[in-house]
Undergrad: 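Here you go, one structure.
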Amino acid sequence: MINRVRGTQDILPARFTDKTDAQIECWNLVEQTARDAFRLCGFEEIRTPIIERTELFERGIGTETDVNKEMYTFEDRDGERVSLRPEQTASVVRACIEHGMFNQPGLAKLFYIGPQFRRERPQKGRYRQFGQIGVEVLGQSDDPAIEAEVIEMLDWYLKQLRITGTELLVNSIGDENCRPAYIERLKEAIRQRLPQLCGSCNQRYETNPLRVLDCKIESCQPYLNELPVITDSLCEPCRAHFQSFTAMLDQRGIAYTLAPRLVRGLDYYTRTAFEIIGSQLGAQNTIVGGGRYDGLSQMLGGPPAKGFGFAFGIERMIMSLPDDAARSLKQVPDVFVAYIGERARKHSFELARRLREAGISAVVDLEGRKLKKSLAVANSLAARYALIIGDSEIDSSSYVLRDMTTGEQRNLSESDLIATLRN
RNA sequence: GCGAGCAUAGCUCAGUUGGUUAGAGCGCCUGACUGUGGAUCAGGAGGUCGCGGGUUCAAGCCCCGCUGCUCGCCCCA
């Protein structure tokens with residue numbers, strides 16, 4: 001017995017599993033709804049390789065972080081270091097640079113859907129291979145209208161999925177002009193409180209002071225509230241940008257909460273950062289994270305370009321879905337064709353082909369079962385109708401169509417049959 | 001990287017202070033019903049009790065090691 005590798009999942013038809021984030025119906029719902037919602041706003045799909053040069057991710061993330069330890073990295077036969085993508089923003093920006101997409105007029109408004117890989121300890125809603133959907137807007141403009149539009153689109157998407165009870169948190173984390181000075185002020189303030197703060201806060205004081213701000217430890221909370229917030233330290237352009245952004249959310253009637261302690265860990269993030277949190281999952285309650293990353297293109301060796309985007313994990317989105325979300329999506333055949341005898345069997349295959357040509361999904365018994373067994377299979381597949389064909393049906397060119405819900409049966413000619421099955 | 005829990009049929013689980021042939025429900029197969037599913041009834045298949053070692057007259061049960069899974073912590077691009 002060879003099992004799947006740790007932290008990966010098989011996505012099965014719902015009738016084979018109760019685990020919603022392993023049901024193909026849920027995945028299709030989340031993915032298809034995204035494609036539809038994003039297309040309405042003029043976004044175009046992009047697919048990038050799941051394998052990239054390790055350097056691509058190291059540039060943006062830095063080599064010494066333990067993010068690196070969580071990458072699947074290996075040496076290719078020719079000695080090149082490659083990694084399974086741990087995120088996709090860098091890949092999308094790389095593709096834009098590589099194909100000169102910034103040279104087209106207007107913005108590149110892109111979305112992607114696909115697997116990503118992080119070698120973490122698996123736990124609830126967290127896998128080593130996980131699905132992610134993301135949106136990126138790249139180009140020369142950093143107009144806050146881009147941010148408001150993207151968030152409105154995301155809001156619409158969540159509404160389409162009937163996910164409610166979410167909260168939008170927004171913040172500005174400044175840029176290279178105002179953030180360094182703020183970080184110094186923050187470190188100074190943290191230094192005063194180091195003895196009172198928890199162990200990981202003490203560690204983050206050294207490695208990533210901004211992250212102290214979103215420590216979840218209860219005993220740290222009173223001290224965190226005393227720390228200076230970045231919103232008070234923004235330079236004038238950043239302050240104006242953020243004000244304009246929130247004003248646009250107001251105009252669009254999108255509710256939000258100012259979250260001055262919402263931060264991002266990496267250097268290329270600038271200005272607007274946001275998250276959408278849900279009530280479903282306790283401490284791990286972030287459903288969507290996003291923000292502006294104006295520094296990334298240049299960091300990857302491309303032209304100066306502004307960027308804004310978000311991403312979310314598909315498994316976690318599925319867990320936020322209402323319970324009945326995927327029920328209507330179960331794929332059931334329109335008709336199951338059952339036959340009696342060898343002559344009818346041949347006839348069934350031909351008839352099934354004509355039904356399929358008419359756009360009707362038809363499943364024929366391939367096992368030579370008795371009528372009774374065929375109907376039992378039709379029942380377990382939840383087929384809407386069963387078609388019963390025997391010698392007398394062939395001779396009279398009139399087939400028995402059985403409604404599997406009511407048990408009602410009608411005799412129909414082939415053309416009436418097709419008309420009925422098409423609804 | 002750290003911690004906790006779990007591992008018995010396809011699935012969900014029971015299995016007494018260690019006792020002889022390891023059970024149930026659901027599902028699956030066959031039949032009652034030679035051309036009618038779901039309901040009922042009768043029968044059947046399916047298990048190296050995760051793996052390896054130890055204790056014992058005797059281990060699914062106790063002990064040790066390993067592996068796997070799950071859930072936390074850390075981290076979260």
Side-chain angles (χ1 to χ4, degrees), chain A residues 1-9 12 15-19 52 56-62 65-71 83-93 116-127 130 132 134 198-201 203-204 207-208 211 214-217 263-269 273 275 281-286 289-291 293 296 299 309-313 316 336 338-341 344 365 367 369-393 399-409:
Chain A
M1 176 73 198
I2 298 171
N3 299 309
R4 65 185 191 273
V5 331
R6 174 164 214 185
T8 63
Q9 284 207 105
L12 309 174
R15 69 193 188 95
F16 295 109
T17 178
D18 292 330
K19 226 179 142 189
E52 296 269 8
L56 175 68
F57 303 115
E58 286 178 342
R59 288 258 195 121
I61 291 165
T65 61
D66 49 330
V67 164
N68 238 276
K69 294 177 206 149
E70 294 174 357
M71 279 207 287
S83 296
L84 263 35
R85 65 183 179 209
E87 55 124 357
Q88 213 168 328
T89 302
S91 298
V92 171
V93 174
Q116 303 182 8
F117 305 83
R118 297 181 191 177
R119 201 183 183 293
E120 300 175 289
R121 199 91 186 219
Q123 46 192 282
K124 195 177 180 63
R126 196 170 180 178
Y127 301 92
F130 55 99
Q132 200 143 36
C198 71
S200 51
C201 279
Q203 193 184 326
R204 283 183 290 221
T207 58
N208 202 342
R211 283 252 158 240
D214 61 6
C215 180
K216 307 264 188 333
I217 304 288
V263 295
R264 286 284 107 96
L266 302 179
D267 286 344
Y268 60 74
Y269 282 108
E275 280 183 11
L281 294 152
Q284 300 272 15
N285 62 353
T286 303
Y293 48 90
L296 185 56
M299 205 176 276
F310 67 78
F312 58 83
R316 207 171 276 188
F336 188 99
Y339 49 78
I340 300 120
D365 173 55
E367 299 166 88
R369 288 170 175 271
K370 294 183 199 171
L371 178 61
K372 184 181 181 56
K373 299 300 173 192
S374 279
L375 288 172
V377 172
N379 189 51
S380 80
L381 293 176
R384 279 194 276 280
Y385 293 95
L387 191 57
I388 298 165
I389 305 178
D391 286 340
S392 59
E393 281 76 15
Y399 305 104
V400 176
L401 186 67
R402 179 180 178 86
D403 184 314
M404 293 299 285
T405 310
T406 63
E408 181 192 336
Q409 295 190 171

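Chain letters run A, B, ... following the sequence lines, proteins first and then strands; every chain starts at 1.
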Undergrad: May I have the distance from A:Asp391 (atom CG) to B:G35 (atom C1'), rounded to whole angstrom?
TA: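 For the pair A:Asp391 CG and B:G35 C1', the rounded distance is 11 Å.
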Undergrad: Work out how far the P atom of B:U21 is from that of B:C49, and round it to whole angstrom.
TA: 13 Å
Undergrad: Any donor-acceptor pair under 3.5 Å joining the side chain of A:Arg121 to the base of B:G1?
TA: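 Donor-acceptor pair under 3.5 Å: no.
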Undergrad: Return the nearest nucleotide to the side chain of A:Ser200; candidates are B:C75, B:A77, B:U36.
TA: B:C75
Undergrad: What nucleotide, of B:G35, B:A77, B:C69, holds the atom closest to the side chain of A:Arg6?
TA: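 So the nucleotide nearest the side chain must be B:C69.
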Undergrad: Considering only heavy atoms and no angle criterion, is a donor-acceptor pair shorter than 3.5 Å present between the side chain of A:Lys372 and the base of B:C33?
TA: yes
Undergrad: Distance between the C1' atoms of B:C26 and B:A39, in whole angstroms?
TA: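 It comes out at 16 Å once rounded to the nearest Å.
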Undergrad: Which residue is it: A:Leu375, A:Leu381, A:Asn379? I am looking for the one with a side chain to side chain contact (heavy atoms under 4.5 Å, CB included) to A:Val377.
TA: A:Leu381
Undergrad: State, to 0.1 Å, how close A:Asp403 and A:Tyr385 come at their nearest heavy-atom pair, and which atoms those are.
TA: CA-CD2, 3.7 Å
Undergrad: Using the C1' atom on both, measure B:G65 against B:U55 and round to a whole Å.
TA: 15 Å
Undergrad: If you measure from the C1' atom in B:U48 to the same atom in B:G52, how many Å do you get, rounded?
TA: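 The same atom, C1', in both gives a distance of 13 Å.
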Undergrad: Rounding to an integer number of angstrom, what distance separates B:G46 and B:C41 when you compare their P atoms?
TA: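 After rounding to an integer number of Å, I get 24 Å for this pair.
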Undergrad: Base, sugar-phosphate, or nothing: which does A:Gln116 touch, judged by heavy atoms less than 4.0 Å apart?
TA: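 The residue A:Gln116 makes no contact with any strand.
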Undergrad: Do A:Asn379 and B:G37 have a side chain to base donor-acceptor pair shorter than 3.5 Å?
TA: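 Such a pair is found, so the answer is yes.
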Undergrad: B:U70 base to A:Gln123 side chain: any donor-acceptor pair below 3.5 Å?
TA: no
Undergrad: Under 4.0 Å between any heavy atoms, over every strand shown, what does A:Ala378 touch: base, sugar-phosphate, or nothing? Just pick one.
TA: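 If one applies the 4.0 Å heavy-atom cut-off, A:Ala378 turns out to touch nothing in the nucleic acid.
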Undergrad: Whole-Å distance between B:U12 P and A:Asp18 CG?
TA: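 Rounded to the whole Å, the gap is 9 Å.
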Undergrad: Which of these nucleotides, B:G37, B:G35, B:C76, is closest to any side-chain atom of A:Val400?
TA: B:G35
Undergrad: So does A:Glu120 pair up with A:Arg118, basic N to acidic O under 4.0 Å?
TA: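 No, A:Glu120 and A:Arg118 are not salt-bridged.
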Undergrad: Looking at B:G3, which nucleotide sits across from it as a Watson-Crick or G-U wobble partner, both distances under 3.5 angstrom, or is there none?
TA: B:C71
Undergrad: Please give the distance between the P atoms of B:C29 and B:C71 as a whole number of Å.
TA: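 My reading of the P atoms in B:C29 and B:C71 gives 32 Å.
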Undergrad: A:Glu120 side chain: which of B:G35, B:C76, B:C75 is closest?
TA: B:C75
Undergrad: In whole Å, what is the span from the NZ atom of A:Lys373 to the P atom of B:U34?
TA: 11 Å
Undergrad: Relative to the 5' end of RNA chain B, which residue comes earlier, A:Phe117 or A:Arg402, by the nucleotide with the nearest heavy atom?
TA: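 That would be A:Arg402.
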Undergrad: What about A:Glu393, does its side chain sit under 3.5 Å from the base of B:G35 through a donor-acceptor pair?
TA: yes
Undergrad: Between B:C76, B:C29, B:A77, which one does the side chain of A:Arg369 approach most closely?
TA: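 Among the listed nucleotides, the one closest to the side chain of A:Arg369 is B:C29.
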Undergrad: Checking base pairs now: Watson-Crick or wobble, both atom distances under 3.5 Å. What partners B:C66?
TA: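 In the structure as shown, B:C66 has B:G50 as its Watson-Crick or wobble partner.
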Undergrad: With distance as the sole criterion, do the side chain of A:Ser392 and the base of B:G35 form a donor-acceptor contact below 3.5 Å?
TA: yes
Undergrad: When both hydrogen-bonding distances must be under 3.5 Å and the geometry is Watson-Crick or G-U wobble, what is B:G19 paired with, if anything?
TA: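 B:G19 is paired with B:C57.
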Undergrad: For B:G10 and B:A45, measure between their P atoms and round to the nearest Å.
TA: 15 Å
Undergrad: Could you check whether A:Tyr269 gets within reach of a base, just the sugar-phosphate, or nothing at all, counting any heavy atom under 4.0 Å?
TA: sugar-phosphate
Undergrad: Search all heavy atoms of A:Arg264 against all heavy atoms of A:Gly290 and return the closest pair with its distance.
TA: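 Between these two residues, the closest heavy atoms are NH1-O, 2.7 Å.
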Undergrad: Which atom pair, heavy atoms only, marks the closest approach of A:Ile388 to A:Glu393?
TA: O-CG, 3.6 Å
Undergrad: Would you classify A:Arg204 as touching base, sugar-phosphate or nothing, given that sugar-phosphate means primed atoms plus P, OP1 and OP2, and contacts are heavy atoms under 4.0 Å?
TA: sugar-phosphate
Undergrad: Could you state the atom-to-atom distance from CZ of A:Arg15 to C1' of B:C28 in whole Å?
TA: 13 Å
Undergrad: If you assign A:Arg211 and A:Glu408 each to the RNA chain B nucleotide with the nearest heavy atom, which residue ends up on the more 5' nucleotide?
TA: A:Glu408
Undergrad: Check whether the side chain of A:Glu70 and the base of B:A77 form a donor-acceptor pair under 3.5 Å.
TA: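 For A:Glu70, whose side chain was compared with the base of B:A77, there is a donor-acceptor pair (under 3.5 Å).
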Undergrad: For A:Thr207, report the nucleic acid contact type (base, sugar-phosphate, nothing); a contact means any heavy atom under 4.0 Å.
TA: nothing
Undergrad: With a 4.0 Å cut-off, would you call A:Arg121 and A:Glu70 a salt bridge?
TA: no
Undergrad: Could you identify the nucleotide paired to B:A14, looking across every strand shown and requiring Watson-Crick or G-U wobble geometry with both distances under 3.5 Å?
TA: none
Undergrad: Return the minimal non-hydrogen interatomic distance between A:Ala344 and A:Gly390, and the atom names on each side.
TA: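 The pair with the smallest heavy-atom distance is CB-CA, 4.1 Å.
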Undergrad: Check the side chains of A:Arg402 and A:Gln409 for a donor-acceptor pair under 3.5 angstrom, ignoring hydrogens and angles.
TA: yes
Undergrad: Go ahead and name the base partner of B:C41; Watson-Crick or wobble counts if both distances stay under 3.5 Å, otherwise write none.
TA: B:G31
Undergrad: Report which part of the nucleic acid A:Arg264 touches: base, sugar-phosphate, or nothing (heavy-atom distance under 4.0 Å, all strands).
TA: nothing
Undergrad: Once hydrogens and angles are ignored, does a donor-acceptor distance under 3.5 Å link the base of B:C75 to the side chain of A:Arg126?
TA: yes
Undergrad: Remember a base hit wins even if backbone is also touched, and classify A:Gly289 as base, sugar-phosphate or nothing at under 4.0 Å, heavy atoms.
TA: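 The residue A:Gly289 makes no contact with any strand.
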